[in-house]
Asks: 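One structure, as structure tokens, below. Some questions next.
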Number of protein chains: 2
Amino acid sequence: MRLLDERQLARAPPFCRLDPHQLRRVRDLAQARNAAIGTVVFDEGQPALRFHLILSGHVRLVRMTAEGEQIIVLHVAAGQIFGLGAPLGRATRQETAITADDCQLLSWPTALWQVFSDDYASFAKETMRSLGARADEMSNRIVELSTKLVEQRIACALLRMIGQSGRKVAGGIEIGFPISRQNIADMTGTTLHTVSRVLSAWEKRGLILSTRCHVVVSDPHGMVMIASGAARPDQPATAARRSARKAASSIPYSAQASITV
Amino acid sequence: MRLLDERQLARAPPFCRLDPHQLRRVRDLAQARNAAIGTVVFDEGQPALRFHLILSGHVRLVRMTAEGEQIIVLHVAAGQIFGLGAPLGRATRQETAITADDCQLLSWPTALWQVFSDDYASFAKETMRSLGARADEMSNRIVELSTKLVEQRIACALLRMIGQSGRKVAGGIEIGFPISRQNIADMTGTTLHTVSRVLSAWEKRGLILSTRCHVVVSDPHGMVMIASGAARPDQPATAARRSARKAASSIPYSAQASITV
DNA sequence: CGAAGGTTTGAACAACCTCAACCAATGTGG
DNA sequence: CCACATTGGTTGAGGTTGTTCAAACCTTCG
């Protein structure tokens with residue numbers, strides 16, 4: 001079991017540069033846990049005592065509003081670290097972490113994050129890289145939510161998921177964990193009704209194949225078209241939504257203002 | 001000039017624990033720059049060669065879409081660092097940085113980030129903390145964009161700005177830098193027309209005072225009411241928008257699932 | 001003073017949410 | 001193994017929010 005874990009640990013980006021001896025040390029300090037689908041790993045508001053690594057499976061980071069709505073902020077895939085609140089200066093969890101499928105998890109006390117960072121340069125580097133990637137993803141989500149229509153946002157969400165956790169299957173690329181219409185709605189800021197309508201339409205057009213909690217994208221290119229706002233049936237191919245004020249987009253700012261730094 | 005910079009530097013969170021000698025070293029490695037309002041500090045797509053600190057003023061981090069729309073991702077206030085793409089593993093800028101008012105800026109080559117982090121523990125800690133705070137802010141924005149009505153989102157944006165850069169004036173709390181309706185629209189994913197209508201209505205109700213590029217919140221508490229979705233004139237005080245499915249929100253997940261970690 | 005940028009406001013329309021009802025798949029207990 | 005509950009999915013009708021279009025106004029600044 002430990003040996004097995006070590007071998008998987010060696011494939012996780014934050015630890016893949018460590019030698020066998022270092023891996024053993026890291027593994028021995030970890031607490032292992034198998035969590036069935038739907039298990040809550042930690043909950044919004046709790047003290048952030050440990051950080052986690054996914055050996056296999058997927059975890060959703062979720063926030064809930066006072067009105068009882070869920071918003072899926074991020075998906076974390078195998079090989080990745082999550083729950084780094086403490087090193088980022090948060091004493092308590094801001095999100096709830098729920099397994100999206102059956103998971104093997106390791107966790108360490110937050111104090112070890114500093115130790116690992118000091119001892120293994122690649123660990124520090126890799127966690128920073130991962131924080132950066134997530135900041136990018138959130139930033140992209142903000143742009144999408146601000147500018148895109150629901151159909152485009154759903155397309156973006158599917159593309160993001162097949163990019164992060166897609167696996168090739170017969171009819172296309174499948175999202176590698178169970179995902180319901182409600183889940184997709186929670187990612188895109190819409191309702192399951194709208195998601196259902198959109199996916200049904202896409203299935204008729206041959207863009208996807210879908211069964212219960214299960215989506216295969218059979219025409220990724222067509223999906224990109226939809227996500228980008230091209231392939232709009234009626235509209236003239238102009239702005240997807242808000243009036244592209246001035247439309248001076250093509251000239252970067254730098255061409256106008258003197259940039260020095 | 002250098003001396004003046006050093007004194008201001010000593011007040012910036014990332015450097016406030018340094019002794020005078022260290023401060024001088026940091027200052028001597030920096031490039032100083034005064035940037036008038038509307039100056040582009042760096043542009044989306046450029047290589048990330050330096051990181052920056054605001055001595056005074058405010059900087060907007062902006063992203064543009066293919067259709068020419070701007071989205072304001074974050075505001076950065078005096079004393080804060082920005083442009084940390086490189087340590088986060090990004091070779092090129094993902095956002096454009098534009099000064100929101102007249103700014104005094106310092107910048108350093110990205111290579112020094114590692115050096116400062118190694119040499120000054122408080123610097124490393126503080127930059128992590130700041131990354132965490134921004135991740136929180138983005139996460140909050142995602143929740144707002146996903147669940148709140150336009151009026152609530154605008155209220156949230158105003159509250160966030162007075163929280164970060166508000167100053168007390170005669171009639172209430174003023175946002176500490178110039179801000180147009182269009183800017184607010186770019187923050188909330190709406191149009192300047194809608195922002196204008198909402199602010200006009202608020203001004204009539206005595207919640208704010210506003211002139212060109214200039215907003216004073218005179219009733220912060222009322223603003224919080226609006227932001228949270230209370231104070232809705234017609235609706236019964238239930239869910240602000242999407243149907244609060246199951247509304248099991250009050251019981252934290254942890255009460256249902258065994259949480260161990 | 002004219003131009004440019006910011007703001008206001010009305011009217012029409014589109015997107016999408018809400019309500020409502022129903023169906024299909026899966027799981028459960030007798 | 002079947003009745004039944006549960007969960008996820010589908011689909012139509014109607015209503016609300018907020019965008020789009022259009023036009024005018026005001027302020028600031030060269």
Side-chain angles (χ1 to χ4, degrees), chain A residues 36-38 67 69-70 100 145-154 178-186 188-204 208-215 226 229 232-236 238-248 256, chain B residues 36-38 67 69-70 100 145-155 178-186 188-204 208-215 226 229 232-236 238-248:
Chain A
I37 177 173
E67 285 81 25
E69 310 166 70
Q70 280 186 17
L145 285 165
S146 302
T147 65
K148 296 195 172 175
L149 299 175
V150 165
E151 190 179 32
Q152 299 175 278
R153 300 206 300 267
I154 296 173
I179 184 109
S180 70
R181 317 281 142 146
Q182 180 67 60
N183 292 149
I184 296 174
D186 291 341
T188 50
T190 180
T191 62
L192 85 156
H193 309 278
T194 302
V195 173
S196 176
R197 274 181 251 271
V198 169
L199 294 197
S200 296
W202 286 349
E203 186 146 26
K204 274 181 199 125
I208 63 166
L209 298 168
S210 173
T211 57
R212 164 183 267 238
C213 287
H214 207 75
V215 179
I226 290 175
R232 301 219 66 206
D234 36 347
Q235 299 285 92
T238 55
R241 195 171 172 194
R242 250 166 293 299
S243 63
R245 108 197 65 117
K246 284 292 169 82
Q256 304 158 228
Chain B
I37 178 173
E67 285 80 24
E69 311 167 69
Q70 281 186 19
L145 286 165
S146 302
T147 65
K148 296 194 172 175
L149 300 173
V150 164
E151 189 178 32
Q152 298 176 278
R153 300 206 300 265
I154 296 173
I179 183 109
S180 70
R181 317 280 143 150
Q182 180 66 61
N183 292 150
I184 296 174
D186 291 341
T188 50
T190 180
T191 62
L192 85 156
H193 309 279
T194 301
V195 173
S196 176
R197 274 182 251 271
V198 169
L199 294 197
S200 296
W202 285 350
E203 187 146 24
K204 273 178 201 130
I208 63 166
L209 299 167
S210 173
T211 56
R212 164 185 266 240
C213 286
H214 207 73
V215 179
I226 290 175
R232 300 220 66 205
D234 36 348
Q235 300 284 91
T238 56
R241 196 170 172 195
R242 251 166 291 299
S243 63
R245 109 199 64 119
K246 285 288 169 84

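The structure displayed is predicted, hence computed values, not measured ones. A, B, ... follow the sequence lines: proteins, then strands. Residue 1 opens every chain.
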Asks: With S196(A), which residues qualify under side chain to side chain donor-acceptor pair (under 3.5 Å), at least two apart?
Replies: none
Asks: Whether the side chain of R153(B) and the base of dT17(D) hold a donor-acceptor pair under 3.5 Å is what I'd like checked.
Replies: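 Checked by distance alone, the answer is no.
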Asks: Testing the basics here: between S210(B) and V215(B), what is the closest heavy-atom pair and its distance to 0.1 Å?
Replies: OG-CG2, 4.2 Å
Asks: Assign L192(B) to base, sugar-phosphate, or nothing according to its heavy-atom contacts below 4.0 angstrom with the strands shown.
Replies: base
Asks: On DNA chain C, nearest-nucleotide positions of V150(A) versus V195(B): which is more 5'?
Replies: V195(B)
Asks: For Q152(B) and dT17(D), what is the distance between atoms CD and P respectively, to the nearest whole Å?
Replies: 11 Å
Asks: Please confirm whether any donor atom in the side chain of R181(B) sits under 3.5 Å from an acceptor in the base of dG5(C), or the reverse.
Replies: no
Asks: For L192(B) and A185(B), work out which heavy atoms get closest and say how close.
Replies: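 That would be N-CB, 3.6 Å.
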Asks: Tell me the bend of the helix from dC1(C)-dG30(D) to dG30(C)-dC1(D) as the angle between end helix axes, each from five pairs, rounded to the nearest 10 degrees.
Replies: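 It works out to 40° between the end axes.
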Asks: Does T211(A) put a side-chain nitrogen or oxygen below 4.0 Å from OP1 or OP2 of dA25(C)?
Replies: no
Asks: Taking all heavy atoms of R181(B) and all of T211(B), pick out the closest pair and write down the distance.
Replies: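 Closest heavy-atom pair between R181(B) and T211(B): NH2-O, 3.8 Å.
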Asks: How close do K148(A) and R153(A) get, heavy atom to heavy atom, and via which atoms?
Replies: O-NH1, 2.9 Å
Asks: Within the 4.0 Å limit for protein heavy atoms, which parts of nucleotides 23-30 of chain D are touched? Write it as a string from 5' to 3', B for base, S for sugar-phosphate only, - for none.
Replies: ----BS--
Asks: Specify the separation, in whole Å, of atom CG of D186(A) and atom C1' of dG8(D).
Replies: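 Rounded to the whole Å, the gap is 13 Å.
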Asks: Regarding dG12(D), can its base be found pairing with the side chain of R197(A) as donor and acceptor, where the two atoms are less than 3.5 Å apart?
Replies: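 Between dG12(D) and R197(A), which were checked side chain against base, a qualifying N/O pair under 3.5 Å is present.
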Asks: Could you tell me which non-hydrogen atom of Q70(A) sits nearest to which non-hydrogen atom of D186(A), and how far apart they are?
Replies: O-OD1, 3.3 Å
Asks: Please report the distance, rounded to the nearest Å, between CG in L199(A) and P in dT10(D).
Replies: 7 Å
Asks: In whole Å, I'd like the distance from the CD1 atom of I208(A) to the P atom of dG9(D).
Replies: 11 Å
Asks: Give me the atom names and distance for the closest heavy-atom approach of T188(B) to L145(B).
Replies: O-CD2, 3.6 Å
Asks: Among residues at least two apart in sequence or on other chains, which ones pass side chain to side chain contact (heavy atoms under 4.5 Å, CB included) with S180(B)?
Replies: Q182(B), N183(B), C213(B)
Asks: Only counting residues at least two apart or in another chain, list the ones meeting side chain to side chain contact (heavy atoms under 4.5 Å, CB included) with A201(B).
Replies: none
Asks: Would you say a side-chain N or O of T190(A) is under 4.0 Å from OP1 or OP2 of dC17(C)?
Replies: yes
Asks: So, is S196(B) close to the dT8(C) phosphate, meaning a side-chain N or O under 4.0 Å from OP1 or OP2?
Replies: yes
Asks: Give the rounded distance in Å between these two atoms: CH2 of W202(B) and P of dT8(C).
Replies: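 Nearest whole value for this atom pair: 13 Å.
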Asks: Starting at atom CD1 of I37(B), determine the distance to atom C1' of dG6(C), rounded to an integer number of angstrom.
Replies: 13 Å
Asks: Whole Å only: how far is the CD atom of E151(A) from the P atom of dC16(C)?
Replies: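 Taking atom P of dC16(C) as the reference, CD of E151(A) is at 8 Å.
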Asks: At 4.0 Å (heavy atoms only), tell me whether T194(B) reaches a base, stays on the sugar-phosphate, or touches nothing.
Replies: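 Base, at least one base heavy atom under 4.0 Å.
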Asks: So, is S180(B) close to the dG6(C) phosphate, meaning a side-chain N or O under 4.0 Å from OP1 or OP2?
Replies: no
Asks: Using the side chain to side chain contact (heavy atoms under 4.5 Å, CB included) criterion, which residues pair with T194(A)? Sequence neighbours excluded.
Replies: V150(A), T190(A), T191(A), V198(A)
Asks: Let me know the distance between CD of Q182(B) and P of dA4(C), rounded to the nearest Å.
Replies: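 Rounding to the nearest Å, CD of Q182(B) and P of dA4(C) are 18 Å apart.
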